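Here is the naming used below: chain letters follow the sequence lines, and residue numbers restart at 1 for every chain. All figures in this text were calculated on a predicted structure; none of them were measured in a lab.
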Amino acid sequence: MEISKNFDFKAAENKWYTHWLDQKYFESTPDDREPYTVVIPPPNVTGILHMGHCLNNTIQDILVRRARMMGKNACWVPGTDHASIATEAKVVQMLRERGIQKASLSRNEFLGYAWEWKEKYGGIILQQLKKLGCSLDWNRTSFTMDPDYYNSVIHVFNDLYTKGYIYRGKRMINWDPRAKTALSDEEVIFKEVQGKLYFLKYQLVDADGNKLPLADAGITIATVRPETILGDAAIAVNPNDERFKHLIGSYAVVPLIDRKIPIIGDDYVATDFGSGALKITPAHDMNDNQIGIKHGLAVYDILNEDGTLSNEAQLLIGKDRFEARKEIVVLLEQAGHVVKIEDYVHQVGFSERTDVVVEPRLSLQWWVDMKKIAGPALSAVQDGEINFHPAKFKNLYRHWMENIKDWCISRQLWWGHQIPAWYDAEGRFVVAMNEKDAIEKFSKAYNIDNPQLKQDEDCLDTWFSSWLWPFEVFKGISNPGNKDVSYYYPTQSLVTAPEIIFFWVARMIMAGYEYMGKKPFSDVYFTGIVRDTQGRKMSKQLGNSPDLLEMIDEIGADAVRFGILIASPAGNDLLWDKASNEQGRNFINKLWNALKLIEIWKEKAKANLSAEEVSLASDWPHQWFDARLRASSAEIDQLMAQYKLSEALKTLYSLIWDDFCSWYLEWVKPGFEKPMDQAHLDKVINNFEMLLERLHPFMPFVTEEIYHLLREQQNVDLCVRQLDQTLQPTSSDAQTLKEGEVLKSAITAIRDARVKAQIKNKDAVEIYCTAQEQADWEIIRPLLSKQVNASSFSFTTDAIANSIQLVVGSAKLYIKSEQAIDTSAQRKTIEDEL
RNA sequence: GGAACAUUAGCUCAGUUGGUUUAGAGCAUUACUUUGACAGAGUAGGGGUCACUGGUUCGAGUCCAGUAUGUUCCACCA
């Protein structure tokens with residue numbers, strides 16, 4: 001067979017991926033083998049493949065391919081997440097480009113466009129995963145808004161509501177004024193912002209209700225959001241603060257709008273911050289809200305849902321909050337209320353999805369009482385029922401679970417699972433599976449015939465559907481106890497990013513115990529964050545995120561997989577450099593050249609020579625490589641069991657490059673223009689196959705290609721070939737490996753000597769060594785007589801007594817033991833002679 | 001403010017319960033080597049006060065305390 005000079009990765013990637021799909025290798029049905037199940041963390045339906053996905057899915061593919069080759073029933077489920085906020089934002093943007101306002105559409109019209117968008121663009125990322133070589137079972141592709149999945153989400157809502165775990169309540173929530181929706185605490189990202197701290201003086205009111213002149217008296221508060229004074233309901237001071245305690249019980253006046261508000265005492269107020277007096281705005285601050293409830297204060301909601309000022313603000317109505325901030329400062333200055341303005345660096349919450357400043361806002365939302373379902377999920381991780389890799393995330397998880405807060409699950413969006421609650425005009429409601437049931441329930445509950453009901457406009461948080469992912473992809477709720485879910489659930493490994501440990505991982509564990517009565521997975525592998533060489537996160541804004549598909553096109557999926565994995569220490573972020581792709585490419589090239597060498601040997605073996613002419617007489621190199629392979633395999637098994645994939649790959653890399661190519665192939669290499677013995681060649685090919693087996697999960701395309709070129713006809717394809725799992729080190733391996741080490745150093749010494757001898761034109765060199773070294777050399781004496789190597793060097797032992805003579809070309813080298821002398825000094829002398 | 005984790009060669013990292021004379025690997029770098037699978041290669045070499053300061057010990061990269069720096073998570077004082 002003609003082997004091309006270089007590996008044609010494009011042809012191989014196309015050829016093998018198509019072939020694997022044709023052979024249905026990745027499809028899975030329950031049988032009597034042990035299952036190995038992985039569910040993909042469903043990427044956003046809007047997503048495109050980036051480095052994080054690349055790392056994450058390469059790792060999953062390695063685990064799954066390896067499991068498949070170890071005889072397990074491997075099942076890797078693909079799918080996408082409807083990603084309510086992200087997708088809705090994309091659709092709104094698309095409509096805007098077409099000149100359509102969302103507000104002008106009905107819910108159904110909007111959803112029509114959204115589905116249209118999803119059918120057209122959604123799931124691009126799944127196609128991209130194919131390019132990476134991911135061995136997913138595409139028949140099982142799921143979407144969190146598939147009809148069955150949708151119903152299951154609704155069912156779970158009903159069930160939790162019935163159990164009393166879900167309630168509706170008016171609470172402070174994080175409001176995203178751009179997406180016009182509530183956010184959970186986890187969706188808020190705090191960033192440090194350079195802002196201003198405004199010190200504002202409020203007029204005091206005397207006992208008779210008269211306002212005292214601002215110049216004489218007043219109370220100064222500090223705020224970073226001066227526009228919110230319009231919603232002030234009180235001023236609070238610390239009851240122990242000597243400066244202000246006499247004012248408690250009196251009143252002040254909100255500047256510009258003349259609202260009379262009480263001055264109250266509360267321990268919450270810090271005496272050493274700002275002015276020591278705190279304005280209380282119950283509608284727009286989490287803590288103020290608590291204080292407001294405690295003191296029974298009025299609530300003035302001065303913001304509209306889009307972040308503009310409401311009628312209740314009385315001033316600057318309709319202005320955006322940031323515009324209003326600027327303007328109100330001018331007004332306050334004119335009225336003499338501004339004492340001073342200081343620069344101030346503080347933390348401000350931003351929406352994870354839209355990156356706008358989040359407003360704390362009081363609103364009526366749906367909540368899950370997390371304390372009621374967190375119990376089993378906490379102990380499962382504590383007791384090692386579920387293992388985290390790396391284990392450090394166990395602490396983090398415990399802390400969060402022990403301090404868990406209720407989960408706000410309603411979102412003011414249309415794209416998603418509509419909350420299954422139906423209301424009448426008076427606001428009375430029932431929770432039901434559908435409208436028909438709702439009417440029935442409502443009639444019963446309130447004793448009304450034919451009630452006119454309207455379904456809740458809001459949607460459920462995306463994570464309220466994805467927490468069912470590990471079992472609902474097998475229809476664990478829509479078709480309970482079916483064959484697939486009983487066989488493939490619980491899954492084995494979950495590979496995900498630590499950022500979503502609370503969003504997703506913790507909640508999946510809770511849902512798993514609640515609905516399946518079993519953990520959703522046994523092991524969670526948290527990957528690091530992919531950063532650039534300067535340690536910055538990959539991001540669109542920085543432009544440091546490479547185009548993955550372009551890279552795959554340039555250098556091949558195998559090289560990219562190698563590149564990202566070799567740079568990925570277990571449990572740490574990885575600083576990714578494009579150069580590591582080149583290391584991957586070089587490695588592929590090395591494999592390819594080994595194939596070319598073997599191809600030459602095949603030709604030589606055809607020469608059909610007599611036994612005498614076949615000079616390679618010793619089996620020792622094979623014995624040595626077998627021992628080496630056994631040792632490395634055991635090591636790789638161990639590393640893989642600990643999810644140290646990067647190290648496993650490094651071990652393989654050095655096994656192939658150093659042991660196989662640099663030593664083993666040299667030792668079995670026939671002399672120049674000498675024939676090749678077929679038995680030896682078969683053994684070499686056999687060993688190469690063993691290496692390809694082990695490398696295949698990491699670099700599937702090049703290994704499959706080489707595997708098929710090695711022999712004319714292969715019985716099975718490499719991707720489903722069964723790994724020889726009996727490969728364990730034997731008792732004699734240690735001795736064999738030791739011999740190998742000594743031989744390596746002997747050969748190295750000879751090379752050195754040869755170089756030196758040639759330089760000095762000497763034809764014989766002596767090296768003196770210690771007794772220990774002499775003993776080491778003795779180990780290989782029997783090997784030397786076997787003429788281990790037929791081409792570069794030859795060895796004889798028939799020389800001077802008590803020494804080993806090495807013949808290197810025309811140069812002879814004697815290794816002698818000289819115990820009495822100082823070896824380093826002696827050596828130096830010899831080197832000088834040379 | 002609280003916590004977790006980290007700090008070993010230019011870079012990225014190994015270093016098992018403290019014990020092989022001289023602390024490892026890959027990449028990068030330097031010198032040399034090009035008709036025999038492979039210059040996308042080979043060979044050889046350089047490069048480290050194991051963050052710092054103390055302590056425990058016969059012995060510390062490894063254990064303890066403190067300091068510094070960094071990363072991440074949690075909380076958040078207007």
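- Within the 4.0 angstrom heavy-atom criterion, only backbone atoms of the sugar-phosphate kind lie near A:Gln583; the bases stay farther away.
- Taking the ring axis of A:Phe199 as reference, the NZ or CZ atom of A:Lys340 stays within 45° of it and closer than 6.0 Å to the ring centre.
- Residue contacts shown for A:Phe190 include a base, since a base heavy atom lies under 4.0 Å away.
- Checking B:C13, B:A4, B:U71 against the side-chain heavy atoms of A:Lys650 singles out B:C13 as nearest.
- Within 4.0 Å of A:Arg531, counting heavy atoms only, lie sugar-phosphate atoms of the nucleic acid but no base atom.
- When the nucleotides B:C73, B:A78, B:G26 are ranked by their closest atom to the side chain of A:Val224, B:A78 comes out on top.
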Wobble G-U and Watson-Crick pairs count when both distances are under 3.5 Å; given that, what is the 5' to 3' dot-bracket string of RNA chain B, with | for pairing to other strands? (((((((..((((.....[....)))).(((((.......))))).....(((((..]....))))))))))))....

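- Counting any heavy atom pair closer than 4.0 Å across all strands shown, A:Leu575 reaches sugar-phosphate atoms only and no base atom.
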Distances for protein N or O near nucleotides 37-41 of chain B N or O, under 3.5 Å:
residue: B:A37; atom: OP1; partner: A:Lys669; partner atom: NZ; Å: 3.1
residue: B:A37; atom: O2'; partner: A:Asn593; partner atom: OD1; Å: 3.3
residue: B:A37; atom: N6; partner: A:Cys661; partner atom: O; Å: 3.3
residue: B:A37; atom: N3; partner: A:Asn593; partner atom: O; Å: 2.8
residue: B:A37; atom: N3; partner: A:Ala594; partner atom: N; Å: 3.3
residue: B:C38; atom: O4'; partner: A:Asn593; partner atom: OD1; Å: 3.3
residue: B:C38; atom: O4'; partner: A:Asn593; partner atom: ND2; Å: 3.3
residue: B:C38; atom: O2'; partner: A:Asn593; partner atom: ND2; Å: 3.3
residue: B:C38; atom: O2; partner: A:Lys590; partner atom: NZ; Å: 2.7
residue: B:C38; atom: N3; partner: A:Lys590; partner atom: NZ; Å: 3.2
residue: B:G40; atom: O2'; partner: A:Asn589; partner atom: OD1; Å: 2.7
residue: B:G40; atom: N2; partner: A:Arg585; partner atom: O; Å: 3.3

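- When heavy atoms are screened at a 4.0 angstrom cut-off, A:Glu647 is found touching the sugar-phosphate backbone but no base atom.
- Counting any heavy atom pair closer than 4.0 Å across all strands shown, A:Lys405 reaches sugar-phosphate atoms only and no base atom.
- Using a 4.0 Å heavy-atom distance criterion, A:Phe7 is classed as making no nucleic acid contact.
- Checking B:C73, B:U71, B:A78 against the side-chain heavy atoms of A:Phe273 singles out B:A78 as nearest.
- With rounding to whole Å, A:Ile189 atom CD1 is found 16 Å from B:C76 atom P.
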